[in-house]
Each structure stands twice: as structure tokens, then as C-alpha cells.
Chemist: 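Handing you this structure, nothing more for now.
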Amino acid sequence: MPELPEVEVVRAGLVPVVQGRTIVGVQVLHPRSVRRHAGGPDDFVATLPGRTFGEPRRRGKFLWLPFTDGDALVAHLGMSGQFRVDAADAPLLLHTRVRLDFTDGEPQLRFIDQRMFGGLWLSPGGAEVPSDLAHVAPDLLEPDLDLVGLADSVRRHRSGIKRVLLDQKVVSGIGNIYADEALWRARVHFDTPADGMSRARVLRVLAAAREVMAEALAQGGTSFDALYVNVNGSSGYFSRALSVYGREGLPCPRCGTPIRRVAFANRSSHFCPRCQRRRA
DNA sequence: ACTATATCCTGTATGC
DNA sequence: TGCATACAGGATATAG
């Protein structure tokens with residue numbers, strides 16, 4: 001499940017693969033992988049050739065690959081999206097959805113997506129910041145982030161803290177894994193109302209989220225299976241450093257109490273019932 | 001305006 | 001063995 005660290009690994013991997021290269025041909029193998037594109041898959045195929053990529057960028061879990069003409073190719077990996085670099089005549093992996101060929105030949109860029117929650121589209125004029133991403137809040141690894149302002153914006157919400165952390169309009173890049181990990185590090189119960197938390201406590205949660213995502217990034221991201229890999233097909237190593245996510249019944253690394261998993265918003269929350277008590 | 005839920009997807013794991 | 005069900009979950013449309 002690609003969250004901020006995994007998407008950043010992909011972005012960095014794309015830089016040497018696409019920057020300065022010009023598209024010559026596009027093949028869409030599954031129409032649903034072209035999303036939000038105004039003219040649909042046919043127009044997507046027709047409009048890309050001749051465009052030259054600049055340096056790939058990211059906000060939260062969204063990627064955009066600017067073109068030198070001012071437009072941008074926007075990408076979201078969803079649950080299982082991958083960019084892979086391969087020889088044009090290499091056999092297609094199962095679930096390959098889109099192929100891009102370049103004027104200079106090898107290698108080819110491929111978009112692969114098993115569960116198809118991800119997708120690609122062209123954003124006219126989107127090279128600087130695509131208009132479709134205007135609602136996406138800053139993420140915790142942005143250099144000029146106003147952390148106190150962000151904490152206060154979190155505290156304006158009445159929902160439980162985890163719901164707020166997952167709301168990409170409030171703070172972007174955090175998904176289910178790093179939300180659970182950050183809350184464990186900060187010793188906060190996931191359902192604590194955000195508007196009842198002190199500024200300092202929210203700041204501790206945000207600092208923990210930033211810390212755990214930075215550590216994961218340094219490890220190449222979190223891989224459980226073949227659904228998240230970098231552009232070369234390699235896995236990240238952070239899954240072995242997770243403290244609560246996917247560890248139901250295993251001892252809390254801090255106090256030894258068995259980790260609990262409970263249903264939460266169509267997914268799961270993992271937490272230590274002793275370290276992360278719900279406050280009155 | 002704000003909050004919560006259903007929906008889209010497919011492969012893997014589990015239960016009967 | 002085989003069939004049915006649960007689960008993984010990011011973003012968004014829709015319902016409340």
C-alpha cells in the first residue's frame with residue numbers, strides 16, 4: 001500500500017528514467033487506468049507523443065511528471081500501482097495497464113496495477129501544481145511546513161485523530177500503516193477526538209508521523225508483498241521495523257502487551273491497549 | 001459546512 | 001476439494 005515514503009521512492013526512481021526524454025508512443029491496455037482524463041483513453045494516447053518530461057514531483061501520495069510545455073502527467077498509485085522500467089521487448093507482467101515509449105528507444109516505462117485503484121491522466125497547465133491537486137494539503141516532508149499551523153488545523157476537526165490524519169485535505173501522505181505507527185509512537189488512542197487534544201499532543205503525533213515516514217523512506221519504503229516495489233522491482237525493508245501494523249496478538253515493542261486490531265472505517269486499526277489508552 | 005459511509009477493484013487467505 | 005466469504009484500502013461521490 002503505497003503511502004508517502006513509497007511514493008517518494010518511486011518519484012526518485014523515475015527521475016533518471018523520464019527526465020529529458022520525449023514520448024513517441026503510448027499504449028493503453030486497460031481503459032480504467034486512464035482516470036479523470038478529459039478526453040478519455042483515446043485522447044490520452046493521442047495527446048502524449050511529442051512531449052518531453054521535466055523532473056517528477058510529488059505532494060502526499062500524488063505524483064506528477066511535468067512536461068516542458070507546461071502540462072503534466074499526473075499519477076496516483078492507489079492500492080497497487082507501480083511504475084516499472086523495462087526493455088520494450090521484455091514480456092509484459094500480469095496487470096500491465098499502460099506503456100510509454102520514448103524517441104531515444106530503451107528503456108520503456110510501464111504502469112502496472114493489479115487492483116486498479118490507481119491511474120494516470122494529463123493535467124493541462126499542471127507542470128507547477130496540477131489543478132486537480134489543489135485540495136491536497138501539504139505533506140509532512142515538505143521543507144517549509146508550518147507545523148504549528150498544521151496542528152491547529154488538525155484540532156479544528158471533531159473526528160477521531162486517526163480519521164483526521166487520513167484526511168488528505170488536512171495533511172497529505174499518511175495512510176493506514178503510518179497512521180497506526182505514528183499514533184503508537186505518540187501513545188495516542190486512534191479514536192481520541194482531535195478537537196479535544198492539546199496543541200502539544202497533536203504536535204507530538206505529527207512529529208511521530210514525520211519521523212516514522214522519514215525512517216521508512218530511508219529503508220526504501222514498506223513492502224509486504226509484490227504490490228509495492230520501486231521502479232526496478234525491488235522491495236523496501238521497513239515492514240520489519242513496524243511496531244503495531246499487521247502485528248495483532250504480537251507483543252508491543254514497548255511494554256509487551258499483545259497488540260490489538262479493531263475494525264475502523266472499512267479497514268483496521270492496530271494499537272497497544274496499554275500504551276494507547278483512550279482518555280476520558 | 002461538516003462528518004461518515006459506500007463504492008470501486010482483484011488476489012489471497014480462511015472457513016465450512 | 002470446492003465454494004463462499006473476509007480482507008487489504010486511497011480517494012471520492014453521496015448520504016446524513
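Chain letters run A, B, ... following the sequence lines, proteins first, then strands; residues in each count from 1.
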Chemist: How close or far is atom C1' of dA11(C) from atom CG of Asp167(A), stated in whole angstroms?
Modeler: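 Between C1' of dA11(C) and CG of Asp167(A): 11 Å.
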Chemist: Return the value, rounded to whole Å, for the distance between atom CD of Gln82(A) and atom P of dT10(B).
Modeler: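 Taking CD of Gln82(A) and P of dT10(B), I get 16 Å after rounding.
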Chemist: When all nucleic acid strands are considered with a 4.0 Å heavy-atom cut-off, which category describes His30(A): base, sugar-phosphate, or nothing?
Modeler: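 If one applies the 4.0 Å heavy-atom cut-off, His30(A) turns out to touch nothing in the nucleic acid.
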Chemist: Please determine whether a side-chain nitrogen of the Lys or Arg among Asp191(A) and Lys162(A) lies less than 4.0 Å from a carboxylate oxygen of the Asp or Glu.
Modeler: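 Looking at Lys162(A) together with Asp191(A), the answer is no, because their closest N to O distance does not fall below 4.0 Å.
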Chemist: Tell me the interatomic distance from Phe264(A), atom CZ, to dC7(C), atom C1', rounded to whole angstroms.
Modeler: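 Taking CZ of Phe264(A) and C1' of dC7(C), I get 16 Å after rounding.
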Chemist: Whether the side chain of Glu181(A) engages the backbone of Ser243(A) through a donor-acceptor N/O pair (distance < 3.5 Å, no angle test) should be reported.
Modeler: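 Yes, the answer is positive, given that a donor and an acceptor are paired below the 3.5 Å cut-off.
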Chemist: State whether Phe102(A) and Arg21(A) meet the cation-pi test: NZ (Lys) or CZ (Arg) under 6.0 Å from the six-membered ring centroid, and within 45° of the perpendicular axis.
Modeler: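 Judged by the rule, Arg21(A) and Phe102(A) form a cation-pi pair.
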Chemist: Nearest whole angstrom, please: distance from the P of dT12(C) to the CH2 of Trp121(A).
Modeler: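 To the nearest whole Å, that distance equals 7 Å.
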Chemist: Go through the steps for Arg261(A) and Ser268(A) under the test side chain to side chain donor-acceptor pair (under 3.5 Å), then give the verdict.
Modeler: CA-CA 6 Å; Arg261(A) 177 173 74 100; Ser268(A) 297; 3.0 Å; yes
Chemist: Decide yes or no for Leu100(A) and Phe53(A): does some side-chain heavy atom of the first lie under 4.5 Å from some side-chain heavy atom of the second?
Modeler: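 They are in side-chain contact.
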Chemist: Enumerate the residues from residues 112-120 of chain A whose closest heavy atom to DNA chain B is under 4.0 Å, giving them by residue number; use none for an empty result.
Modeler: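 Output list: Gln114(A), Arg115(A), Met116(A), Phe117(A).
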Chemist: Salt bridge between Arg156(A) and Asp195(A), side-chain N to carboxylate O under 4.0 Å?
Modeler: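 Between Asp195(A) and Arg156(A) there is no salt bridge, as every charged N stays at least 4.0 Å from the carboxylate O atoms.
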Chemist: Arg97(A) or Arg156(A): which one's nearest nucleotide on DNA chain B is closer to the 5' end?
Modeler: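 With Arg97(A) and Arg156(A) compared, the 5'-side residue is Arg156(A).
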Chemist: Among the nucleotides dT3(B), dT12(C), dG10(C), which one has an atom lying closest to any side-chain atom of His135(A)?
Modeler: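 Closest nucleotide among those given: dT12(C).
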Chemist: Do Phe62(A) and Asp132(A) come close enough that some side-chain heavy atom pair is under 4.5 Å?
Modeler: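 SC-SC contact between Phe62(A) and Asp132(A) ruled out.
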Chemist: Leu147(A) and Leu203(A): which non-hydrogen atoms are nearest, and at how many Å?
Modeler: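 Shortest heavy-atom contact: O-CD2, 3.7 Å.
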Chemist: What's Phe62(A) touching, base or sugar-phosphate or nothing? Going by heavy atoms closer than 4.0 Å.
Modeler: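 The residue Phe62(A) makes sugar-phosphate contact but no base contact.
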Chemist: Enumerate all atom pairs, one protein N or O and one N or O from nucleotides 4-7 of chain B, separated by less than 3.5 Å.
Modeler:
{"from": "dA4(B)", "atom 1": "OP2", "to": "Ser159(A)", "atom 2": "OG", "distance (Å)": "2.5"}
{"from": "dT5(B)", "atom 1": "OP2", "to": "Arg163(A)", "atom 2": "NH2", "distance (Å)": "3.3"}
{"from": "dA6(B)", "atom 1": "N7", "to": "Asn266(A)", "atom 2": "ND2", "distance (Å)": "3.4"}

Chemist: Just so I know, are the side chains of Arg163(A) and Phe190(A) near enough to count as touching, which here means a heavy-atom distance under 4.5 Å?
Modeler: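 Arg163(A) does not reach Phe190(A) side chain to side chain.
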Chemist: In whole Å, I'd like the distance from the CG atom of Leu133(A) to the P atom of dG10(C).
Modeler: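 Rounding to the nearest Å, CG of Leu133(A) and P of dG10(C) are 16 Å apart.
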Chemist: Across the strands shown, which category fits Ser268(A) at heavy-atom distances under 4.0 angstrom: base, sugar-phosphate, nothing?
Modeler: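 Touches sugar-phosphate only.
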Chemist: Whole Å only: how far is the CD1 atom of Ile174(A) from the C1' atom of dA11(C)?
Modeler: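 Nearest whole value for this atom pair: 16 Å.
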Chemist: For residues Val188(A) and Val202(A), determine if any side-chain heavy atom of one lies less than 4.5 Å from a side-chain heavy atom of the other.
Modeler: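 When only atoms from C-beta onward are counted, Val202(A) and Val188(A) do not touch, as no gap falls below 4.5 Å.
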Chemist: Counting any heavy atom closer than 4.0 Å, what does Arg35(A) reach on the DNA or RNA strands: base, sugar-phosphate only, or nothing?
Modeler: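 No contact at all - Arg35(A) keeps every heavy atom at 4.0 Å or more from the nucleic acid.
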Chemist: Is it true that the NZ or CZ of Arg254(A) lies under 6.0 Å from the centre of Trp184(A)'s six-membered ring and within 45 degrees of the ring axis?
Modeler: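 Cation-pi check for Arg254(A) and Trp184(A): passes.
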Chemist: Could I get a table of every N or O pair under 3.5 Å where one atom is in the protein and the other is in nucleotides 14-16 of chain C?
Modeler:
none

Chemist: Taking CE from Met79(A) and C1' from dC8(B), how many angstroms apart are they, rounded to a whole number?
Modeler: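 Spelled out: CE on Met79(A) to C1' on dC8(B) is 12 Å.
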Chemist: Just how far, in rounded Å, is C1' of dA8(C) from CZ of Arg247(A)?
Modeler: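 Taking atom C1' of dA8(C) as the reference, CZ of Arg247(A) is at 19 Å.
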Chemist: Is any side-chain nitrogen or oxygen of His76(A) closer than 4.0 Å to OP1 or OP2 of dA11(C)?
Modeler: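 So the side-chain polar atoms of His76(A) do come within 4.0 Å of the phosphate oxygens OP1 or OP2 of dA11(C), strictly under.
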Chemist: Is there a side-chain polar atom (N or O) of His95(A) under 4.0 Å from OP1 or OP2 of dT10(B)?
Modeler: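 False: His95(A) side-chain N/O out of range (4.0 Å or more) of dT10(B) OP1/OP2.
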Chemist: Any salt bridge between Asp86(A) and Arg84(A), counting N to O under 4.0 Å?
Modeler: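 Judged by the 4.0 Å cut-off on N to carboxylate O distance, Asp86(A) and Arg84(A) do not form a salt bridge.
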